[in-house]
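Heads up: the structure comes next, in structure tokens.
In the text below, chain A, chain B and the rest are named by the order of the sequence lines, each starting its count at 1. Keep in mind that this is a model prediction, so the values were computed, not measured.
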Protein chains: 2
Amino acid sequence: MDTQGLKAVAPLIAAIEASASIAQLGEALAHATREMGFDSYALTHHVDMRRMRWQAIRLHDYPLDWADYYDRHGFGVRDPIHRASHLTTVGFAWPRLGELLPLSEEDEIFLERARSEGIGTGFTVPAHIPGEAHGSVSFVNAVGKPLPHAALPLAQLVGTYAFEQARRLWRLREPPHRAGNDNAARTVPRLTPRERECLVLVARGKSNWEIGRILGISDQTAALHVRNACRRYHVHKRSFLAIRALFDGSLSFIEILRP
Amino acid sequence: MDTQGLKAVAPLIAAIEASASIAQLGEALAHATREMGFDSYALTHHVDMRRMRWQAIRLHDYPLDWADYYDRHGFGVRDPIHRASHLTTVGFAWPRLGELLPLSEEDEIFLERARSEGIGTGFTVPAHIPGEAHGSVSFVNAVGKPLPHAALPLAQLVGTYAFEQARRLWRLREPPHRAGNDNAARTVPRLTPRERECLVLVARGKSNWEIGRILGISDQTAALHVRNACRRYHVHKRSFLAIRALFDGSLSFIEILRP
DNA sequence: CTGACCATACCGCTTTTGCGGTATGGTCAG
DNA sequence: CTGACCATACCGCAAAAGCGGTATGGTCAG
């Protein structure tokens, strides 16, 4: 087939992947943004920047006033655009926001405030990595300027590659970790089937007695399975056990939250 | 700019988004797969299919023998391709697998086994949604047939849109939930700053006494904050509290795992 | 300035956890 | 068939968690 059709995207992505510094990535992303027919971009982790200067990814060319207001009110975790991006793997156009989320009054006020700062409409590409803060890349147009609909798949690609490059560059800023500790964190322990069943129930907040009831075993046997699971994960508390198992993917939310 | 360049992708994506049944999606995806120069595809949740028939997404045209072997051994959660896809937002070509992950001996055996079943090389697009099972879409070629490098960005797009469409179609299969329960689950409680700090420490498996020490308050005050956080989330156990906060995004792994 | 909300601290009580053991029967690979 | 591993069950004990109170001082919006 005509894979040449993608020629137009290739140089944009190449520039993003070639960027060797955060500043260069910003330039490449800004260039791609204009090329696609947008006014500005924001590549960011969805965190409260007041608490999370350390490590959190953020790169944008939004109005500084707006960014300031945004951070002071901790919108990183409340922004309805961000919340909506947690519900989809593909990017979404902002006019369809309501289809993804019920918008609260607070959300409406927030969006109105954004418009008054010149943030009109946009397209947001989610970027999630298990165990990392949620993130997204938004491409935005001024009030009154419509979305470049033909370019949205392109924005999807550019956004995804840009976020990945941002992760690479941010990782370079980090101090290298102690290998020992790191290895301990990276090894995924193997649980026995029974231990895994108990683990799921622990994650649901069940007591050993309840687990025993559910699995049809003694509460002390259940406790032993939980203990063994803890031992394999080198943790001493069931709350942390559940977190660790979720983190390394041996447990998923659908198992926990759908009884 | 020449957004016409994306013309080649548009019909493939349109077909995927227009598919009204899982079977139709399979056809559209198979067609796109061939068009891009691949032999087969696999769109799947990374779960143990032995335990997770219910709800888990899976759609593929791999050899049935292989799929059978795969499921019987519970590779959904161990497959190194899947594990690697948890470390990136953009797709990766399988020859670069080693750059993402250290491969264990078990992994090598697994990959060798795959090759013996005709699974040569491929390109895998991750698809993660906070709170859902991890997933991915792989495009695969037979042993000896090289990857169509020019088509990889295209595969990135097709994979992402296909996974999203699969989510939509699978959602239709689900029985509609009770509105009441659902609302309770969807409301994100607002915690006070102190409660949030305690919550993070709970997720790290700290005891109330330790939390008190860390925050410089009494252990009983820490306990009270934890209790209040539990109250807001309508949960009775701290292990579940941490999970729920992670699930709704008020907590992220980087906060928990980076002290 | 008043009421709402928060952070702080303490008490007492019951239940649950976490940790140390031991022991029996089953399965499965070497 | 033997040893490794698992699931099962039990005991005991110290620590922690969960739940019910009450109380004081601070902040901030209406």
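Side-chain rings of A/H128 and A/H86 approach one another, their centers coming within less than 6.0 Å.
We find that NE2 of B/H236 is positioned 6 Å from P of D/dC19, with the value rounded to whole Å. Per the geometry, OH belonging to A/Y233 stands 16 Å off P belonging to C/dG18, to the nearest Å. Atom CG in A/L241 sits roughly 15 Å away from atom P in D/dA17 (whole-Å rounding). Note: CH2 (A/W209) to P (D/dG18) measures 17 Å, nearest angstrom. Taking atom NE2 on A/H234 and atom P on C/dC19, their separation rounds to 13 Å, with Å as the unit. Distance NZ (A/K206) to C1' (D/dG18): 16 Å, rounded to an integer number of Å. Regarding A/R238, its CZ atom lies at a distance of 9 Å from the C1' atom of C/dG18, rounded to whole Å. The nearest whole Å value for the distance from the CZ atom in A/F240 to the C1' atom in C/dT17 is 17 Å.
The structure places CG of B/D39 at 10.5 Å from OH of B/Y62, a figure rounded to the nearest 0.5 Å.
Residues satisfying the side chain to side chain donor-acceptor pair (under 3.5 Å) criterion with A/S138, sequence neighbours excluded, are A/T124.
Using modelled atom types and a 3.5 Å distance limit, the side chains of A/H60 and A/T44 yield no donor-acceptor pair. In the model, B/N208 has a side-chain atom that pairs as donor or acceptor with a side-chain atom of B/R238 under 3.5 Å.
Residue A/N208 places at least one side-chain N or O closer than 4.0 Å to OP1 or OP2 of C/dT17.
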Base contacts versus sugar-phosphate-only contacts with protein, heavy atoms under 4.0 Å: please encode nucleotides 6-11 of chain C as B, S and - from 5' to 3'. SSBBB-
In dot-bracket form, 5' to 3', how is DNA chain C paired? Count Watson-Crick and G-U wobble pairs only if both distances fall under 3.5 Å, and write | where the partner sits on another strand. ||||||||||||||||||||||||||||||
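We find that B/E195 and B/R232 are joined by a salt bridge, their nearest charged nitrogen and carboxylate oxygen being less than 4.0 Å apart. We find that A/E197 and A/R194 are joined by a salt bridge, their nearest charged nitrogen and carboxylate oxygen being less than 4.0 Å apart.
Relative orientation of the B/H82 and B/H46 rings is parallel, given thresholds of 30° and 60° on the angle between their planes.
A/R167 places a side-chain N or O within 3.5 Å of a backbone atom of B/L87 that can act as its donor or acceptor partner.
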